[in-house]
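Everything below concerns the one structure shown next.
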Amino acid sequence: MKVPRRPLTGDLVVCFCGRAGDGARAAGRVLARAAAGLGLHARHAAAYPAEIRGAGKTLAYTAITREPLRGPCERVDVLVALSDPLTIPELPRLNADGLVLYENNPPGYVAEDMAVAGYIAPGMFGYGVPFRDLAAQAESFGRGRNFVALGAVAALLDLPAAAFPPAIADHFTGQAETVRDAAVRSFEMGFEYARTRLVATHPWRALPAPGDKPAVTLVTGAAAIAAACAAAGVRLVAFYPVTPADRIRAELERLPAEERPVLALAADAAAAAAHAYGAVAAGRSAVAITVGSGLAAAGPLLDQAAAAGLPLVAVHVQTAGPAAALGTSTGQGDLLAAIHGLSDVQRPVLAPASTADCFDAVCLAVRLAARWRTPAVVLADFLQMERGETIDWPRPLPAAAAALAAATPAPDEAWAPPGTPGGERLVSAGGPDKRSGATEAVASCPIAVGLHRGRLNALAAGWAPPESFGGDGPLDLGLIAWGAAIEPAREALRAAAARGLRVGGCFPRLVWPLQRSALAAFAARCRVLGAAELNASGQLAGLLEHALARPVARLGRAGGEPLTESELLAGIEEALPPADAKGKRHE
């Protein structure tokens, strides 16, 4: 007997859990692409071990909704167990009426305490699907268990099967047709199995796709950075091919040949920075991609670019630590390293909060570097590179970047290759009003460093005000967040405000130089000031304490796992002043 299906309300989150090599990430990506093709909003992200280790646990999350997603999702509605022992610890994250799909015909004996079916709580729905057998029927090697599971999920969520073959083909672009066809057959086997055996009696909520809404575009942070390099007119991108820099390289190679910058494959991060430095010294816009500890290797050339007045841009992807084993974990521990160089040199730093911000930040960094003749750093993080989001795409050049471009002299007027007869290099702080010889600007490093500080002050003074959250009145607690911490901070503040707490937020994308006037005005309204960031030392908090001359509560922790709304909400409630101190909390 067919049971009426309950409609979906809010976000729906699907998690594929398995070992490295089980294809959990591929299934999550394809689900997000297919949902985007139906006009639904989607986001996918993954947590997995460093690829150099070749083993470990992989979690791939895909969130789907009819409306744009506002922030990260902590709970899971559908949990797909591609490995029972690794999935069991994830069951507490499943909603009370969540769905678990698991292998019901394993190739060998599974101990009772290692079978996920034995841990499914009352109220949850658990279904066994012969992933391995169906994959073997679809292809001789049976490697498509992940796509069998994806087919079962699609059937249970009422997503049309026709939306998935194009998404699978897009995922396997550049690979043999036999690989793509085997994946499609595996998907179809799983879809048909669930449609005929599970859906008819399953009361779980369905996810209706909009009937006439056009498809939206799923874009990763890596793709946004690649597109920004083309949109900003970058002529050369240099990188050391390590995860996730190779993701950006792959997206650059997808660009049309007439738009694609020259790609320089370097032996290490220092060599990548040297390639980019040589290009800007020759009068061409260039970007160096660095990852993890690569920023330290590129640092000396960023310092030299500051002294020479060269617009070298580094796009740096932060990870949880310098060790190779932490290379696929996210973090925000490189802020101070990005700001400070040798000889008291400081660099402008932009930090995107989302995929769309990745595009804007790179465009702005390229333009402001050329306008103010300074190196600039874009601080992204590993999660942003991997995460895909549905956004308006293609994205126009930010208005601020266009304004900077209009105020910038042409490259042959702004800087000249060293040794060019009559060549001049601008070294003034306020604009193109003072010139010196091409060799003199490099030789007079102390003068150039002093002028460089003036450029940073002028940059901060002319920058757009930071994003804010909350009203304009007094606040019991104000939270400042940067980069990937902005989204969970925003949602935590929204939840705190819903509980009647008087809170607000300030979310700058220009992290350095500090926009002191805007930050001071925000801090003056707050009884308690806090900073949310994914590092143990509270790097932004320390900068704020020095600039604002007041204590800043540190709402963060060491990197590895992204910050969540629930932990920041708990931190906000803990940091709030007592109700009887200097007045009462907002009722």
Q. Can you check side-chain contact (heavy atoms from CB on, under 4.5 Å) on Phe16 and Leu59, steps first, answer last?
A. CA-CA 6 Å; Phe16 294 87; Leu59 294 169; over 6 Å; no
Q: Give the intermediate values and the outcome of side-chain contact (heavy atoms from CB on, under 4.5 Å) for residues Arg371 and Arg367.
A: CA-CA 6 Å; Arg371 171 67 182 89; Arg367 298 302 192 189; over 6 Å; no
Q. Step by step, would you call Glu487 with Arg387 a salt bridge (Lys or Arg N to Asp or Glu O under 4.0 Å)?
A. CA-CA 13 Å; Glu487 284 195 352; Arg387 185 176 66 190; 3.7 Å; yes
Q: Starting from the C-alpha separation in whole Å, work towards a yes-or-no answer on side-chain contact (heavy atoms from CB on, under 4.5 Å) for Val362 and Leu364.
A: CA-CA 5 Å; Val362 173; Leu364 287 166; over 6 Å; no
**Q.** Stepwise side-chain contact (heavy atoms from CB on, under 4.5 Å) check, Leu236 with Val280
**A.** CA-CA 9 Å; Leu236 180 138; Val280 295; over 6 Å; no
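With hydrogens and angles ignored, the 3.5 Å screen pairs a side-chain donor or acceptor of Lys57 with a backbone N or O of Leu86. A donor-acceptor contact shorter than 3.5 Å links the side chain of Gln539 to the backbone of Leu335. Checking side-chain atoms of Arg93 against main-chain N and O of Arg75 turns up no donor-acceptor pair under 3.5 Å. Here the side chain of Thr390 pairs a donor or acceptor atom with the backbone of Ala42 at under 3.5 angstrom. When atom types are taken as modelled, the side chain of Gln384 and the backbone of Cys358 share no donor-acceptor pair closer than 3.5 angstrom. Within the 3.5 Å criterion, the main-chain N or O of Asp381 finds no donor-acceptor partner in the side chain of Thr330. A donor-acceptor distance shorter than 3.5 angstrom exists from the side chain of Glu103 to the backbone of Phe131, with no hydrogens or angles considered. The closest donor-acceptor contact from the side chain of Gln318 to the backbone of Asp334 lies under 3.5 Å. Looking at Asp22, its side chain never comes within 3.5 Å of a backbone N or O of Gly18 through a donor-acceptor pair. Of the possible donor and acceptor atoms, one in the side chain of Glu533 sits under 3.5 Å from a partner among the backbone N and O of Leu540.
Thr62 has its side chain out of reach of Arg43: every pair of non-hydrogen atoms, C-beta onward, lies at least 4.5 Å apart. Taking the side chain as every heavy atom from C-beta outward, Leu379 and Val511 never approach each other to under 4.5 Å. By the 4.5 Å heavy-atom criterion applied to side chains, Phe239 and Ile248 are not counted as neighbours. For the pair Val291 and Pro244, the minimum side-chain heavy-atom distance is below 4.5 Å. In this structure, Val153 and Val78 have side chains that are in contact, with non-hydrogen atoms separated by less than 4.5 Å. In this structure, Pro261 and Arg235 have side chains that are not in contact, with every pair of non-hydrogen atoms separated by 4.5 Å or more. Residues Phe507 and Ile480 are not in side-chain contact: their nearest non-hydrogen atoms beyond the backbone lie 4.5 Å or more apart. For the pair Asp360/Pro352, no side-chain contact is recorded, criterion being any heavy-atom separation below 4.5 Å from C-beta on.
If you take CG on Asp357 and CG on Leu350, they are separated by 10.0 Å, rounding to the nearest 0.5 Å. Between the CG atom of Leu459 and the OG1 atom of Thr374 there is a distance of 8.0 Å, given to the nearest 0.5 Å. The structure places CZ of Arg557 at 5.0 Å from CG of Leu563, a figure rounded to the nearest 0.5 Å. Atom CZ of Arg249 sits about 8.5 Å away from atom CG of Leu265, to the nearest 0.5 Å. The line from OH of Tyr102 to CG of Leu82 is 14.5 Å long, rounded to the nearest 0.5 Å. The CG atom of Leu134 sits 14.0 Å away from the CZ atom of Phe191 when rounded to the nearest 0.5 Å.
For the residue pair Thr87/Glu90, the side-chain donor-acceptor check at 3.5 Å is not satisfied. With hydrogens and angles left out, the side-chain atoms of Thr65 and His41 include no donor and acceptor closer than 3.5 Å.
Heavy atoms only, all atoms of each residue included: Arg254 and Asp170 are closest at NH2-O, 4.0 Å. Here the closest heavy-atom approach between residue Leu101 and residue Ala152 is recorded as CD1-CB, 4.0 Å. Contact between Thr564 and Pro488 at its shortest, heavy atoms only, is C-CB, 4.0 Å. Among all heavy-atom pairs drawn from Ala272 and Tyr240, the shortest one is CB-N, 4.2 Å. Taking each heavy atom of Ala162 and Pro166 in turn, the nearest pair found is O-CD, 3.4 Å. When all heavy atoms of Ala532 and Leu479 are compared, the closest pair comes out as N-CD1, 3.9 Å.
Classified by interplanar angle (parallel below 30°, tilted 30° to 60°, perpendicular above 60°), the ring pair Phe147/Phe172 is tilted.
Salt-bridge check for Arg247 with Glu386: passed, with a basic side-chain N closer than 4.0 Å to an acidic carboxylate O. Comment: Glu188 does not engage Arg185 in a salt bridge, judged by the lack of any side-chain N to carboxylate O separation of less than 4.0 angstrom. Of the charged side-chain nitrogens involved, at least one lies within less than 4.0 Å of a carboxylate oxygen, so that Arg509 and Glu467 count as a salt-bridged pair.
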